[in-house]
Trainee: 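Take a look at this one; I'll ask things after.
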Amino acid sequence: MNDAIEKTPLVCIGFPTWEGDYQKSTVLLMSELSRDRQVLYVEYPRTWKDWLGGLLGKKPVPWRRMLGWQPRVWASKQAHGGEVQVMVLPPVIPTHWIKSHRWYARVNAWQARWLGRSIRKQMRRLGIDKAQGINAFNPFYGLGLRKRIPVTDWTYYCYDEMSAAHWCRKHG
């Protein structure tokens with residue numbers, strides 16, 4: 001493989017969160033790829049409902065990072081010596097309940113523009129001017145972010161049947 005391609009930073013728009021109580025293929029893949037390149041892993045964009053649940057102690061979410069009261073990006077040191085920069089996005093409006101596909105698409109497009117600005121800001125802060133992009137099963141914002149962040153090419157990493165999940169049956 002071309003050395004320049006192998007050393008190009010990666011920006012992964014992930015669906016799973018980085019931390020959790022089970023192994024996730026996306027997390028393991030990004031960990032492995034961090035051996036020889038810079039990796040920015042952008043976690044699932046949690047909603048304002050998630051934020052409220054975290055604030056009230058009902059679910060473990062990094063609500064301070066979501067609001068920017070703590071740094072949105074933190075370094076996850078890997079056992080092999082690599083490091084993954086993990087980004088927590090600001091909270092978004094939940095959209096899976098919207099019945100109209102037109103309004104669903106509009107709200108998600110608006111949120112993708114807003115999230116794209118946040119990701120570009122963190123990329124600049126990390127010294128990433130261009131990267132390879134990976135959409136790791138993020139059906140909501142992965143497509144919308146394609147034009148919003150500076151990447152040379154995109155890879156879609158799909159590992160589950162989307163239509164089987166109740167939260168994305170309408171628009172998945």
Side-chain angles (χ1 to χ4, degrees), residues 1-20 23-48 50-51 54 60-95 105-159:
M1 189 177 253
N2 184 326
D3 238 9
I5 292 173
E6 286 181 11
K7 300 300 180 193
T8 303
L10 290 174
V11 175
C12 179
I13 309 300
F15 191 69
T17 57
W18 186 259
E19 296 179 316
Q23 287 191 334
K24 304 161 191 164
S25 65
T26 306
V27 169
L28 294 171
L29 181 61
M30 292 304 112
S31 170
E32 210 41 50
L33 290 170
S34 75
R35 283 180 186 269
D36 61 0
R37 63 170 76 195
Q38 187 176 12
V39 175
L40 173 61
Y41 182 80
V42 182
E43 285 194 329
Y44 159 77
R46 294 171 182 92
T47 66
W48 282 102
D50 296 325
W51 173 81
V61 297
W63 62 270
R64 286 182 180 88
R65 286 188 196 278
M66 291 167 69
L67 293 181
W69 293 356
Q70 290 178 337
R72 284 212 166 95
V73 176
W74 56 278
S76 175
K77 308 278 187 203
Q78 304 304 299
H80 55 63
E83 182 176 280
V84 176
Q85 300 295 317
V86 180
M87 180 177 181
V88 174
L89 291 167
V92 296
I93 299 166
T95 58
R106 283 183 177 179
V107 172
N108 274 354
W110 175 79
Q111 292 189 130
R113 282 193 299 274
W114 182 54
L115 294 174
R117 281 194 299 271
S118 185
I119 294 167
R120 284 191 314 272
K121 177 182 174 184
Q122 293 303 327
M123 287 175 70
R124 282 190 304 273
R125 200 179 123 277
L126 294 169
I128 301 172
D129 57 344
K130 227 183 225 185
Q132 290 179 302
I134 297 176
N135 174 356
F137 191 68
N138 192 319
F140 304 112
Y141 300 105
L143 286 175
L145 288 171
R146 280 183 12 179
K147 298 175 185 163
R148 308 276 176 226
I149 57 178
V151 296
T152 55
D153 55 66
W154 279 97
T155 300
Y156 183 64
Y157 175 49
C158 182
Y159 45 85

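As the structure is a computational prediction, the values presented were derived from the model and not from experiment. Side chains are part of it too, since the values below use all heavy atoms of this structure and drop only hydrogens, waters and symmetry mates.
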Trainee: Quick one: does I134's side chain get under 4.5 Å of M30's, heavy atoms only?
Mentor: yes
Trainee: Which pair of heavy atoms, one from S31 and one from V84, lies closest together, and at what distance?
Mentor: CA-CG2, 4.1 Å
Trainee: Looking at D50 and T47, what are the two nearest heavy atoms and their distance?
Mentor: OD2-N, 2.8 Å
Trainee: Would you say the side-chain atoms of Q111 pair up with the backbone N or O of I93, donor to acceptor, closer than 3.5 Å?
Mentor: yes
Trainee: Which pair of non-hydrogen atoms, one from R148 and one from G116, has the smallest distance, and what is that distance?
Mentor: CB-CA, 4.0 Å
Trainee: Looking at side-chain heavy atoms only, is the closest gap between W63 and R46 below 4.5 Å?
Mentor: no
Trainee: Under 3.5 Å, is there a donor-acceptor pair between the T8 and Q132 side chains?
Mentor: no
Trainee: What is the minimum heavy-atom distance between V11 and M123, and which atoms define it?
Mentor: CG2-CE, 3.9 Å
Trainee: Do K77 and E83 make a side-chain contact, defined as non-hydrogen atoms from C-beta onward lying under 4.5 Å apart?
Mentor: yes
Trainee: Looking only at the side chains, is there a donor atom on one of T17 and E19 sitting less than 3.5 Å from an acceptor on the other?
Mentor: no
Trainee: I'd like to know if the side chain of R64 reaches the main chain of W69, judged simply by a donor and an acceptor atom lying under 3.5 Å from each other, with no hydrogens or angles considered.
Mentor: no
Trainee: Can you give me the closest heavy-atom contact between R72 and G68, atom names plus distance?
Mentor: NH2-N, 3.4 Å
Trainee: Taking the six-membered ring for Trp, are W51 and W48 parallel (under 30°), tilted (30 to 60°) or perpendicular (over 60°)?
Mentor: perpendicular
Trainee: State, with a plain yes or no, whether a side-chain heavy atom of W114 is found less than 4.5 Å away from one of P90.
Mentor: yes
Trainee: Taking all atoms of both residues into account, what is the closest heavy-atom pair of V61 and G54, and its distance?
Mentor: CG2-CA, 3.2 Å
Trainee: Measure the shortest side-chain to side-chain distance between I13 and I149 over non-hydrogen atoms and say whether it is less than 4.5 angstrom.
Mentor: yes
Trainee: Quick one: pull up CD in Q78 and CG in L33 and give me the separation to the nearest 0.5 Å.
Mentor: 11.0 Å
Trainee: Counting N and O atoms only, with roles assigned by atom type, does the side chain of E43 sit under 3.5 Å from a partner on the main chain of W18, one being a donor and the other an acceptor?
Mentor: yes
Trainee: To the nearest 0.5 angstrom, please state how far the CD1 atom of I128 sits from the CD1 atom of I119.
Mentor: 11.0 Å
Trainee: Can you tell me if H80 uses its side chain to pair, donor with acceptor, with the backbone of S34 under 3.5 Å?
Mentor: no
Trainee: Would you check if the side chain of R65 reaches a backbone N or O of P71 as a donor-acceptor pair within less than 3.5 Å?
Mentor: yes
Trainee: Donor-acceptor pair, distance only, cut-off 3.5 Å: does the side chain of Q122 make one with the backbone of L40?
Mentor: no
